[in-house]
Amino acid sequence: MSRMDVSHILDGLNNAQREAVTAAPGPMLVLAGAGSGKTRVLVHRMAWMIEVEGVSPFSLMAVTFTNKASKEMRGRVEQLQGSSPHGMWVGTFHGIAHRLLRAHWKEADLPQQFQILDSDDQYRMIRRVLKGLELDEARWVPRQIQGFINARKDEGQRPQHVDAGSDPIRQQLVSIYAAYEAACKRAGVIDFAELLLRSLELVRDNDELRNHYRNRFQHILVDEFQDTNTIQYAWIRLLSADKHGRGAQLFVVGDDDQAIYGWRGAKVENILTFQHDFPNSLVVRLEQNYRSTGNILNAANGLIAHNEDRMGKSLWTDGVDGNLIQLYAAFNEHDEARYIIDRITEHVSNGNPRADIAILYRSNVQSRVFEEKLMQQGIPYRVYGGLRFFERAEIRDALNYLRLVNNRNDDPSFERVVNQPTRGIGNKTLDAVRNTARLADISMWQASLQLIENGDLTARAQNALEGFLKLIIQLNEDTKPLELFEQTEHIIHASGLIDHYAKEKGEKAEARVENLQELVSAAKGFEFEPEDGEEMEPLTAFLTHAALEAGEGQADAWEDCIQLMTLHSAKGLEFPLVFMCGMEEGLFPHQRSAEEEGRLQEERRLCYVGITRAREQLVLSYAEHRRLYGKEIYPMPSSFISQIPAQYIDEIRPKAQASSYSNNYRTASNVTKSALGNETGFSLGQRVLHQKFGEGIVLNYEGQGKSARVEVNFDQAGSKWLVLNYANLQPI
DNA sequence: CTTGCAACACTTTTT
DNA sequence: GTGTTGCAAG
C-alpha cells in the first residue's frame with residue numbers, strides 16, 4: 001500500500017477509537033459508552049475502508065434504527081469525504097429491508113405495488129379480522145393480539161411455527177395470526193415486522209439472492225447493536241462472512257448499558273451471541289467520554305455498577321469534575337415544577353440558551369405540570385413525542401384515499417375512507433360487505449361490486465355504496481394524468497375530505513384543514529431519489545415515505561426553547577443542563593418494571609441513559625407527595641438515588657426544618673395528612689386560597705401560636721411567607 | 001348515522 | 001384527572 005494521507009481520518013481520534021477505525025477487516029464489536037464518539041467511529045471506519053482499504057462504497061452497508069441516525073451518518077460521511085459516496089447503503093433496518101423487497105418483490109411473493117401498514121393500520125386490520133372470525137373484542141383484545149403477532153414475527157415465527165401445544169387460548173391466537181396474514185396478503189399490504197421477516201426469509205431461502213448480496217457487501221456496520229431483535233440479527237448474520245471469508249465483515253457498535261428497548265423485542269444478548277458466533281471477533285471498548293463532567297460520569301458509573309450481567313465498562317474524562325449532582329426533594333409535583341422552572345429562569349437570565357435545558361421524565365403524564373407552568377410564565381418549550389405529521393387522522397384519511405385509488409383491493413384503506421366523510425354507508429351495509437368479502441375470499445371492493453350486482457342491499461344502501469365506488473373510479477380517472485401533488489390536491493377536494501373538516505368548528509378543525517394543505521405541499525416538495533436501479537411510482541414512493549418516516553413530532557418552527565421529553569426519547573441527545581424529575585419508586589423505576597429483576601435492570605439502564613445526557617449540570621428531583629391519575633400518592637424516593645454514590649450528590653432541601661417533617665412523612669406513607677400534626681392547621685402540599693394572591697400550595701411553616709407563619713407558593717404571585725393570623729387562608 | 005353517557009385504563013417507541 | 005372507546009338511544 002502506498003503511503004497516503006490518512007490524517008483527516010485519524011486526527012483527533014483517541015487510541016481506542018483509532019484501534020476500532022483501523023482494525024484489519026474481520027468481525028468487530030465496539031462497546032461504545034455514552035458520549036464516547038461512536039458515530040464518529042462508525043463514520044471514520046467507513047472512510048478508512050474506502051480510502052485506505054480500497055473498498056468500494058458499493059460494498060458497504062450501514063444500518064441504524066432511526067431515520068434520524070441514518071441521516072446523520074450519511075451527512076457525516078459526506079462531510080468527511082467531501083462528497084456522498086455513491087452506491088453505499090445507509091439506512092434503517094426497515095428502510096433497507098423495504099428496499100430489498102421492492103427490488104425482489106417477485107421472489108418475496110409480493111405484489112409490485114405493495115403498501116406498508118403502520119401500527120395504526122395494523123391495529124384496524126386486526127380488529128377487522130377479529131370481526132370476521134366473530135370473536136369478542138373484550139376477550140380477544142386487539143392490542144394484545146397485535147402484540148402477540150408482532151412478537152412472533154420479531155422472533156421469526158410464522159403461524160405454523162408457533163407451538164400452541166394444547167393451550168386453547170394460544171391456539172386461537174395462532175389462528176387469528178393466520179387469518180391476519182391472509183387478510184394482509186389479500187390487501188397487498190405488509191406491516192413493519194413483516195418487512196423484516198420477509199426480507200430475512202428472502203435472503204435465507206433464496207440461495208441465489210443471498211449469494212448475490214454476500215458477494216456485494218463486504219462490510220456491514222451496525223449502529224445501536226444492543227437494540228437489535230432476533231430477526232434483525234439473524235438477517236445480518238445471514239449476510240456475514242462464513243469461515244471461508246465469503247460474505248460481509250460485521251462491524252457492530254453498541255452499549256449494553258444503554259439497552260432500554262427490551263420490552264419491544266430488542267435482545268441485548270445479541271452482544272454475547274455475536275461473540276459466540278464470531279469467536280475471533282475483536283472487541284474494543286470506548287470508555288473515554290467527551291460529553292460530561294467527572295462527577296456526572298462517576299455518578300453514572302456508580303449507578304450502573306448495580307446491574308449484573310454487564311460486559312463491563314467505566315466512563316472517564318480528562319476534563320473537569322464539575323459541580324456535584326443536585327438533588328431536590330419537593331413537597332409535591334407543583335413544588336417540583338416550580339423549583340425546576342426557577343432554576344431554568346435563573347440559567348436563562350445568565351445568558352444561556354433555553355435549548356440547552358432538558359426536563360426528562362419517565363412517563364408522558366409528567367409533562368403536564370411543567371407545560372402548565374411554563375405556559376403560564378410564557379417560557380417557550382417543546383414537548384417531544386406525540387402525534388407526528390403522517391400519523392394525524394386527516395392526513396391518514398387523505399393517504400388512504402390515495403392508496404385506495406391506487407389499489408382498490410386495499411381493504412384497510414377501503415374501510416377507513418368508505419364513510420369518511422359520512423355518505424350514508426353505515427355499519428350494517430359494511431357488515432354485509434365484510435361478510436361477502438370473507439365468504440368469497442375477495443376484497444371489500446370486489447364484495448361491494450358483487451352485492452350491488454346481485455341487488456342484495458336496500459336501495460338506499462346500494463345507492464350510497466355505488467356512489468362511493470363511482471367516486472373512487474372517477475378519482476382514479478381524473479388523477480391518472482396528474483402529478484403527485486395535483487393528485488393529492490384533487491383527491492382531498494373531490495372526496496369531500498377537506499370540506500368535511502372545514503365545516504367542523506374549533507381550532508382543531510382549522511388545524512386539520514391546514515394540515516391537509518400542508519400535505520399537498522409535502523407531495524409537491526417530495527422527491528424520490530432512486531439509487532442504483534431502484535424504481536418506484538411517485539405515489540408508491542410517497543406513501544412509503546409517509547409510512548417509513550412519519551415526520552417530525554411537534555414540528556414547530558425552530559425556536560430557542562426548553563426541551564421536554566421522556567428518558568427514552570432522550571437517548572442519543574445531550575444538554576448542558578438536565579433535570580430528571582419524578583425520581584420516585586413506582587414512577588421511576590416504574591411500578592410495572594419493579595417485579596422482575598431483568599426489567600428493573602432495564603429501568604436502571606434508563607436512569608444511566610438519563611444521567612449521561614447531562615454535560616455540565618444534572619439536577620435530580622422527587623416529590624414526597626404527588627397527585628397521579630387523580631389519586632394521592634406518597635412515594636419513596638427512587639432507589640436509584642441511593643445507588644448513586646453519595647459523594648457525588650448535593651442535597652438541596654427546600655428548608656431543613658421541613659425536610660425532617662417530610663422524612664417522617666415519607667416513612668409513614670400510609671399515615672393520613674392529619675398525622676403531620678402542626679399548629680398551623682395546614683399541611684404541606686395543601687392547596688389554599690388567599691384573597692389577594694389567589695390559589696397556592698403550602699410549602700413550609702414555622703413558629704407557633706400568633707407568630708405561626710406558612711410559606712405558600714401561589715400559582716400566580718409566586719412564593720410568599722404569610723403570618724397565619726392575618727393572612728386568612730382558606731383551605732381548598 | 002349521530003349524539004350522549006358510562007366504563008375503562010393509565011409506561012416506555014421506532015419503523 | 002383525562003382522554004378514549006363502547007354501547008344505547010335519538
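Residue numbers start from 1 in every chain, and the chains themselves are labelled A, B, ... in the order their sequence lines are given, proteins ahead of strands. Keep in mind that the numbers below use all heavy atoms, side chains included, and drop hydrogens, waters and symmetry copies. Not measured: the values here are computed from a predicted model.
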**Prompt:** Can you give one letter per nucleotide of nucleotides 2-8 of chain B, going 5' to 3': B for a protein heavy atom under 4.0 Å from the base, S for sugar-phosphate only, - for none?
**Reply:** S------

**Item:** Nucleic acid footprint by protein, nucleotides 1-10 of chain C - heavy-atom cut-off 4.0 Å, B for base, S for sugar-phosphate alone
**Value:** BS---S----

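Judged purely by distance below 3.5 Å, without hydrogens or angles, the side chains of Tyr384(A) and Gln563(A) pair a donor atom with an acceptor atom. For the residue pair Asn515(A) and Tyr501(A), no side-chain donor N or O sits within less than 3.5 Å of a side-chain acceptor on the partner. Side-chain contact annotation: Tyr180(A) with Gln122(A), donor-acceptor N/O pair under 3.5 Å present.
For dT13(B), the OP1/OP2 oxygens have a side-chain nitrogen or oxygen of Ser569(A) closer than 4.0 Å. In terms of phosphate contacts, Asn364(A) brings a side-chain nitrogen or oxygen within less than 4.0 Å of OP1 or OP2 of dT13(B). Phosphate contact (OP1/OP2 of dT14(B), side-chain N/O of Asn67(A), threshold under 4.0 Å): absent.
The distance from atom CZ of Arg362(A) to atom P of dC10(B) is 15 Å, rounded to the nearest whole Å. Atom CG of Asn229(A) is separated from atom P of dT14(B) by 16 Å (rounded to the nearest Å). Atom CD in Gln144(A) sits about 12 Å away from atom C1' in dA9(B), given to the nearest Å. Atom CG of Leu567(A) is separated from atom P of dT14(B) by 14 Å (rounded to the nearest Å). One atom, CD of Gln258(A), and another, C1' of dT13(B), lie 16 Å apart when rounded to the nearest Å. The distance between atom CD of Gln226(A) and atom C1' of dT14(B), rounded to the nearest whole Å, is 14 Å. Atom P of nucleotide dT15(B) and atom CH2 of Trp263(A) are separated by 12 Å, given to the nearest angstrom. Residue Tyr384(A) contributes atom OH, which lies 21 Å from atom C1' of dT11(B) at whole-angstrom precision.
Aromatic ring centroids of Phe526(A) and His545(A) lie under 6.0 Å apart. Under the 6.0 Å cut-off for aromatic ring centres, Trp263(A) and Tyr261(A) qualify, their centroids lying closer than that. Aromatic ring centres of Tyr213(A) and His104(A): separated by under 6.0 Å. Residues Phe579(A) and Phe370(A) keep their aromatic ring centres 6.0 Å or farther apart.
Seen from the ring of Tyr608(A), Arg604(A) does not count as a face-on cation partner, given the 6.0 Å and 45° thresholds. Cation-pi geometry between Arg152(A) and Tyr177(A) is not satisfied (NZ or CZ under 6.0 Å from the ring centre, within 45° of the ring normal).
For Ser119(A) and Val365(A), each mapped to the nucleotide of DNA chain B holding its nearest heavy atom, the one lying further toward the 5' end belongs to Val365(A).
Checking each of Asp256(A), Thr228(A), Asn229(A) against Asn270(A) for a side-chain hydrogen bond (donor to acceptor under 3.5 Å, both in side chains) leaves exactly one that passes, namely Thr228(A).
The minimum heavy-atom distance between Glu336(A) and Gly582(A), with the atom names listed, is OE2-N, 2.8 Å.
As judged by a 4.0 angstrom heavy-atom cut-off over every strand, Tyr261(A) is placed among residues touching the sugar-phosphate backbone only. Leu430(A) comes within contact range of no nucleotide atom at all, as no heavy-atom separation falls under 4.0 Å. Asp118(A) comes within contact range of no nucleotide atom at all, as no heavy-atom separation falls under 4.0 Å.
Electrostatic pairing of Glu602(A) and Arg599(A) does not count as a salt bridge here, judged by no charged N lying under 4.0 Å from a carboxylate O.
Taking the C1' atom of each, dT14(B) and dG3(C) are spaced 24 Å apart, rounded to whole Å. Distance noted for atom P between dT12(B) and dT5(C): 16 Å (whole Å).
Base orientation of dT11(B): syn (glycosidic angle within 90° of 0).
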**Message:** One pair to check against salt bridge (Lys or Arg N to Asp or Glu O under 4.0 Å): Arg434(A) and Glu415(A). What are the steps and the verdict?
**Reply:** CA-CA 9 Å; Arg434(A) 289 191 197 104; Glu415(A) 188 122 11; 2.5 Å; yes

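Centre separation under 5.5 Å together with a plane angle under 30° does not hold for the ring of Phe192(A) and the six-membered base ring of dT14(B), so they are not marked as stacked.
Contacts of residues 587-609 of chain A with DNA chain C (heavy atom under 4.0 Å): none.
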